[in-house]
Amino acid sequence: MNSENLKTSAASAIVQLSHVDKEYQLGKVTVPALHDVSISIQAGEFTVIAGPSGSGKTTLLNLIGCVDVATRGQVIIDGRNTLELKEKELTRLRLDRLGFIFQSFNLVGVLDAFQNVEFPLLLQKTLGKKEREARVQALMESVGIAQYAHHRPGELSGGQRQRVAIARALVTKPRIVLADEPTANLDSVTGTAILDLMQELNRQGTTFLFSTHDPRVVARAGRVIRLFDGRIEQAGTESARADEASAHAAPQAGGQP
Amino acid sequence: MILFRIALRNLASHKLKSFIVGGLLAFGTFLLMVGQALLGSLDQSMARSVTGSLSGQLQAYSTGAKDKLALFGDMNGGSDIGTINNFKQIRQLLEAQPEVQAVVPQGMDVAMVYGGNIIDVKLEALRAAEKTGDRARSQVVRAHIRRIIALLAQDMAKIGEVTDLAHASTETRQSLADLQNCGADTFWQNFDRDPLAAMEFLENKIAPLALNADMLFFRYMGTDTARFAKEFELFEIVDGTAIPPGQRGFLFNKLNYEDMVKHKTARRLDKMKDRLADGYKIAADDDLKAWIKLNKDQYKDVSYQLDDVAAAQVRGALQQALASKEENLDKLISQFMDMDDQNFSTRYETFYKSVAPHLMLYSVKVGDIMTIKSFTSSGYPTSVNVKIYGTFRFRSLDKSTLAGGVNVMDLMTYRDLYGFLSADKKQEIDALEKASGVKEIKREDAEAELFGGGAGEEVVEVGTVTPTDQAGAVTAAEALAGDPSPAAQAPVGLAVSPSPSAPSVASGGPSSAQSKSKTRRWSDDIANRVYSQDEIDSGVVRHMAIILKKGTDERKALAHLQSVADAAGLKITVVDWRVASGFIGDFLWVIYTVLATALLIIFIVAVIVMNNSMVMATLERTKEIGTMRAIGAQKTMILQMFLAEAVVTAGVFGGLGALLAVALVARLHAVGLPAMNDVLVFLFAGPRLYPVISPMHFLISGMLVALVALISTLYPAWLAMRVTPLEAMQDAE
Ligand SMILES: Nc1ncnc2c1ncn2[C@@H]1O[C@H](COP(=O)(O)OP(=O)(O)O)[C@@H](O)[C@H]1O
Ligand SMILES: [Mg+2]
């Protein structure tokens, strides 16, 4: 009956993981990081992956972000089975369908804020210069860093940097934005502001999936996936509750484009 | 575009690294550009010197040669470059080729010349005085001759002491006896009884004794003199005239003439004047000091030539110049020659105004008939008389002893000296030898009969080869080779008889006195004879210069001409001027190799340093590269980013180096790079080299620097491409 459920929701899901295992090979030792994880994320959700350090949050996001491959199970992103894609196609998938926000911002140090935001568009090579610059400009305004366009990352505060990173993640209009502990390197006030921004962007239509081990952040999530030792906690009730949450979240997000 | 921006920013943000890598690249490019410019112009100037003076763009010589042709290399005489017997045929074939302007026959050899000496000059003066009945003049000249004889006797006596008279040859003892005889009062008291007989005795017995002291060696090229003068663009007459077409004759190279033939003291003064003009100071220059010392010590070179009348005039002039009351002429000359930076120019003037007119400034003069001795290719001594028509120089190479050491002589005389005779003439000589019963034939006697046509006759060499004779010939050549720049001491070395087998006058070789008595007959028969082009071309030559038309590609012409010659069965080897010129040609290779090695080292170091620093940068930038990969950059984009960085680095610093090079070369082009010695004068085809940079140099440098940058980038780029997007996620938690 659960599998029935999964199948129906898979049709419209952006992210669809079924019975995914991930093991790391450390020499002769096999380190299990994820076990039998099945997740489905719909457009418009604002989902938090919660769990203590070492529980597998980053591993899970890496699989969804197509930067790592599952040991077992299926990972389907925006309808495409990642196991069947070549390295080049995965890279293109990341560029076109996914957005990334990193814990330590990961901006290109030699480029200014504007150029950092513009970077993915330059990789895409689909937009002309005018359109490109207009979109970058608009986005920078909406995340509130337009006045820092020509500052290098080294000249910006952590919060400002993360805003640049968020703009960069959004500039290609991805299907989903993945963020691994986006507030971990920020003080609580700034962290809250970043969270406010993400929530605001979600209301405008962007799907977010992010991890945290901060209970205060968890509290603001639309939906929570709890990880513990590589497994989704209280599989029965939790997933049911999560499914419920997502069912509620989807129309909620969709109703506010 | 974004890639170049990243590359530029990276360059700017890693200042020290960029400084080191950039410095190496800039220096390498700089060296490459300047080196190319210098080598390029050096190659051109050398080509001008070598091809315009002796070689022509191409040279051809016999395939039977045992040694390599080396026009400027070894001093010849020793090397065997074979002979060419069918020059006429070769010339016709080669000159029929579209790229060939002319083919000039050549042969190099070393000639010995017994320069006219002071006794000969004085005897002529005496004869003139006797003829006109000028008693007073005759007495003055006689006294002078007596003084010279006394000096000669002293020298001979010294030699006698050293060599143990008891074992001396009969000739030597006879010479000593003759000298004593002439030195005695009775000889001079009896002079008036039969002046002609006395003068004959002096000319035949005494004058030759003085010759030993004036034996000169000249390197010369036997050639079709008219074509040589026409085809070698640097050739020009300085004094006298060119040799009339088809006639026999000798042209001195002006520099060689000054160095070898001019009065030593005067020559040293000339050289001092030149050196002082170059900014040197007597007080601070060893060469100048050495020349002054020689002039002071060798006062006899001057006083010896002065008869009493002249001596009185010179004494007066020097006393005035020195404000001295000194009566002793030798001391006066010595004092006069002790010059310093202040008085040099006035004394130089005084010398040429008051002393030089009384001296025999040149022991061989333009217009003289000179007796040249040489060895045939088999070492057999020969001699021949030839008229000196003038002196010449190779334009802009006046100061170079390399080009200035070669004189020019007609081909007919060269063949006689070298011993190339036709089969007919060989028989004639054999017959003469048998008839007279002498081993060594007096060439002057045979000459008149020997000279003549000989078209198409088979050629043989005269004389028998003996090891000692060979050695003698080689030694003579080495004596000259030992000191290519005839500095102050050179003539001393030259005056020494090169080996026991070299013909010394005392041992009965054909003397100039004898040849002189035949001069009139010789000049009538031979000097004015005009040889046809056919006669000139039909004899033996050693090698030939192939002058190409302007703008011809040397390499193509060489290959073509060689194949044409081979197809026609002509046994010649064609080489370009670089090969033909011997060590001069190698010189370019040496510079080239040194430069190439230096560049190789610099660029290898650049590759290593650049590679290293880029690997470091890659490691530093792992996270950045991983991030780019995570957000969607393909591996090829990472490669492009690194290539862009290489191109930018090469472009910026290569460009900087090139700019500096252009600046330096432009400066050098404006001022000229001075030639420090006479080898460089030759290589630079003048006193200065004016290098230029061509677009080709830019292209080559650009490509090389780009290559270096690319090679340095390969490994770090490979590393960077292996960075996974996972690296972006790894956080220091
Ligand atoms: N590259 C790796 N090699 C080996 N083990 C790893 C690697 N990455 C993570 N792990 C292990 O997998 C488990 C999950 O780690 P991770 O996903 O980073 O947890 P979290 O992000 O929740 O802190 C941990 O036990 C961790 O030690
Ligand atoms: Mg983590």
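Quick caveat: nothing in here was measured; it's all calculated off a predicted structure. The chains referred to below are lettered A, B, ... by the order of the sequence lines, with proteins before strands, and numbering in each begins at 1. What you see below is based on every heavy atom in this structure, not just the backbone, and it leaves out hydrogens, waters and symmetry mates.
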Self-check item: B/Y690, OH atom: more than 12 neighbouring heavy atoms under 6.0 Å
Solution: yes
Self-check item: Side chain, backbone, both or neither of B/Q634 within contact of chain A (heavy atoms, under 4.5 Å)
Solution: both
Exercise. Return the minimal non-hydrogen interatomic distance between B/K623 and A/S104, and the atom names on each side.
Key: NZ-OG, 3.2 Å
Quiz prompt | CE on B/M637 to CG on A/L123, rounded to 0.5 Å | solution = 5.5 Å
Quiz item: Side chain, backbone, both or neither: which part of A/L122 has an atom under 4.5 Å from a heavy atom of chain B?
Solution: side chain
Self-check item: Under 4.5 Å from any heavy atom of chain A - which part of B/R621
Solution: neither
Quiz item: Any chance the side chains of A/T91 and B/K635 put a donor and an acceptor closer than 3.5 Å?
Solution: no
Self-check item: Nearest heavy atoms of A/R94 and B/P725, plus distance in Å
Solution: NH2-CG, 3.6 Å
Practice problem: Decide yes or no for A/Q103 and B/M729: does some side-chain heavy atom of the first lie under 4.5 Å from some side-chain heavy atom of the second? | Solution: no
Quiz item: Is it the side chain or the backbone of A/Q124 that comes within 4.5 Å of chain B heavy atoms, both, or neither?
Solution: neither
Exercise. Could you tell me whether A/H151 atom NE2 has more than 12 heavy atoms of other residues or ligands within 6.0 Å of it?
Key: yes
Quiz prompt | Exam field: side chain A/N106 to backbone B/T627, donor-acceptor pair closer than 3.5 Å | solution = no
Quiz item: Given a strict heavy-atom distance threshold of 4.5 Å, which part of A/N116 is in contact with chain B: side chain, backbone, both, or neither?
Solution: neither
Quiz item: If you count the non-hydrogen atoms of other residues, nucleotides and ligands that lie under 6.0 Å from OH in A/Y24, is the total more than 12?
Solution: yes
Quiz item: Got A/F102 and B/I631 here, is their nearest side-chain heavy-atom distance under 4.5 Å?
Solution: yes
Quiz prompt | Residues from residues 60-89 of chain A approaching chain B under 4.5 Å (heavy atoms) | solution = A/N62, A/V67, A/D68, A/E87, A/K88
Self-check item: Residue pair B/I6 / A/F119, side-chain heavy-atom distance below 4.5 Å
Solution: yes
Practice problem: Under 4.5 Å heavy-atom distance to chain B, tell me which part of A/R152 shows up: side chain, backbone, both or neither. | Solution: side chain
